[in-house]
Amino acid sequence: MDPKKVDEGKMSGDGDIGSVMGFSGFGKKARTFDFDAIFEQTRRTAIERSQRVLEERQKETQMEEEGESSKSVKPSVHSQKEKAASSRAHESESSSGSDSDSDSELIGPPVPPQHAAQEEDDELVGPPLPPGYSGSTAYSDDDDEGDAQDDDDDDNPVKKIPDTHEITLQHGTKTVSALGLDPSGARLVTGGYDYDVRFWDFAGMDQALQAFRSLQPCECHQIKSLQYSITGDVILVVSGNAQAKVLDRDGFNVMECVKGDQYIVDMANTKGHTAMLNCGCWHPKVKEEFMTCSNDGTVRTWDLNSEKKHKSVFKPRSLQGKKVTPTCCTYSRDGKLIAAGCQDGSIQIWDRNLSVHTKFHCRQAHTPGSDTSCLSFSYDGMTLASRGGDDTLKTWDIRNFRKPVNVATGLTNYFSMTDCCFSPDDKLLVTGTSVRKDEGNGKLVFFDRGSFQRVYEIEVTNASVVRCLWHPKLNQIMVGTGNGLAKVYYDPVKSHRGAKLCVVKSQRKEKQAETLTQDYIITPHALPMFREARQRSTRKQLEKDRLDPKKSHKPEPPVSGPGRGGRVAAHGGTLSSFIVKNIALDKTDDSNPREAILRHAKEASENPYWVAPAYTQTQPEPVFAEESEEDEEADKEPEWKKRKI
């Protein structure tokens, strides 16, 4: 048998089986690709394309030399290029198909028509230019205009003030004397003359703008200062007493500073302050250190972990070496310096590690006797701003601390904690002004740091502006006023988070929860005699009781006049009024006291009931001596005769 015929029969049988089983495509030879040939073809195509582009550019230059316009040349060039590109594409397809038996096309995009206008470079570099490209001159002009506008915005810091929108937080009715915002800008804490500290959560508030917690950490002492630590987990509370407190984010007590001994002369030998506190702040780098100043004439630093004693003591002194009272204190931005403003008008700065002698000292910084209300370092650490009780705002260069760099006057200040602060970009300086009642509006005034010109102001409310805080991360300004308001100024575009989170939330509807007076078992299929009455809510029961004339009995009005029926008049506040009220004395018919006492004497002697029956067996009968005639005559004699006898 011929072996070729056997092989052909097997192959036909395999083909029939493959077509029946559905894998007739199996057994074909895999397609192969020759990558070296593909790369070589691509390289040749690129070389040819570059040569043709170079030839086209040479033709253009020759035509320009002859005087023909470039506008008439460019369309012809584009059409020639397109034709050439299409012919090259067909050639490459045919050549690649014959060489490698593959369906691969030309690698790389065709040459864009815009490259014909480029005469500067000999080779093509970079992606193709956009279709709307009109030339380098126009583009550079637009770019210059945009850059000029950006430069104008950067050069004008007033445009960065976020004052287009505001929200008002109602702290109370008295002065908001303290503001604190955590480093992330999520929570605001306010304190005032009403002894309250309120916590506000921007992310949790809605348009009702209600505080989520209110407490009185220092009982009946006014809040002087509030500040979050650099980590934002604890709050320093400085009030009118001698002991500062540290609270956590939810208002629970973490630490209370110890009080010093009032009978020790040297304040360095006491463990804590002995008089009212004025100010306090956290260290900007060390999260567990804070500082307080007091009327005992000391500035003390504390460690959060050791509440039994202060860490170090700084004692400001006058020119004569006498004790002076520090009214405000602050750390420098790097935490290496401690500054204090004193009642004698001086500003004294110490090295944090050397508490004996001052490093910088200005004796006549402000008017003696006025309270310097605030000290604030700039973000670069070179400039110190001081807000004085003499209605001035001054800036100082700590490298030359003898004279102020700039002075602004006419800024009324009636509070010992009026703030001043720098803008986040360090180009503006902000402070508030005070007003008397019904004498105008308190303002937030902005000064340019360099020229110290009054560049902008905001009328806040018809009361004094006491506290102001410009948060660098939120770019929002918080203001505390003298009529119990805390205002937040923001810009929807320039500001971030903060007040923007709560103004977009609609106000929640109050749900009137109805509480049942007792547990009620519902038995719908029980017999009537075992079925309980339908339970009523407390609110409905109160409404029903209100309609009942007996249960809603109107209280009797206060008695006017001296009083009657055992009731004393409302104006009686003396001891006698109290006694009369307790014994319920009724003297409406007591015209003769003797008759009132002897009214029941005859009945008591004839029919004894209380005292006499108890002593019937033991009580002796009374025997009275009879009076003689001589005694009667002696009684009738005048008194002067008896004395002679």
Side-chain angles (χ1 to χ4, degrees), residues 30-160 425 427 450-451 491-494 496:
R31 183 179 297 174
T32 58
F33 296 93
D34 190 357
F35 288 102
D36 295 335
I38 294 173
F39 290 147
E40 182 65 22
Q41 181 65 25
T42 306
R43 188 178 65 80
R44 291 176 182 176
T45 304
I47 293 173
E48 292 176 359
R49 182 181 299 173
S50 300
Q51 290 177 354
R52 289 175 183 175
V53 171
L54 185 59
E55 291 175 359
E56 290 173 358
R57 289 182 181 176
Q58 291 176 356
K59 290 179 180 180
E60 286 181 4
T61 54
Q62 291 177 1
M63 294 173 68
E64 287 178 357
E65 290 176 357
E66 293 175 357
E68 294 182 5
S69 62
S70 61
K71 291 182 180 180
S72 60
V73 172
K74 287 182 180 178
S76 63
V77 173
H78 293 169
S79 61
Q80 292 174 5
K81 287 169 61 180
E82 291 174 357
K83 292 179 181 179
S86 61
S87 62
R88 285 196 304 272
H90 290 298
E91 291 175 0
S92 62
E93 287 179 0
S94 61
S95 62
S96 61
S98 60
D99 293 341
S100 61
D101 294 333
S102 65
D103 297 332
S104 62
E105 297 180 356
L106 177 65
I107 298 177
V111 179
Q114 290 85 352
H115 284 300
Q118 297 180 354
E119 301 177 358
E120 293 83 9
D121 300 327
D122 293 338
E123 296 181 359
L124 298 176
V125 179
L129 295 175
Y133 178 70
S134 59
S136 60
T137 307
Y139 182 76
S140 62
D141 292 341
D142 296 339
D143 194 10
D144 293 340
E145 291 177 1
D147 293 342
Q149 292 178 358
D150 295 341
D151 293 341
D152 292 341
D153 293 342
D154 294 340
D155 294 338
N156 190 2
V158 179
K159 294 184 179 180
K160 298 182 180 181
D425 59 359
K427 294 182 179 180
S451 61
D491 189 307
V493 179
K494 302 170 187 174
H496 309 283

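Not measured: the values here are computed from a predicted model.
- Rounding to the nearest 0.5 Å places CZ of R43 at 15.0 Å from CD1 of I38.
- If you take CG on L54 and CZ on R52, they are separated by 13.0 Å, rounding to the nearest 0.5 Å.
- The existence of a salt bridge linking E40 and R44 is confirmed by a sub-4.0 Å separation between a basic side-chain nitrogen and an acidic carboxylate oxygen.
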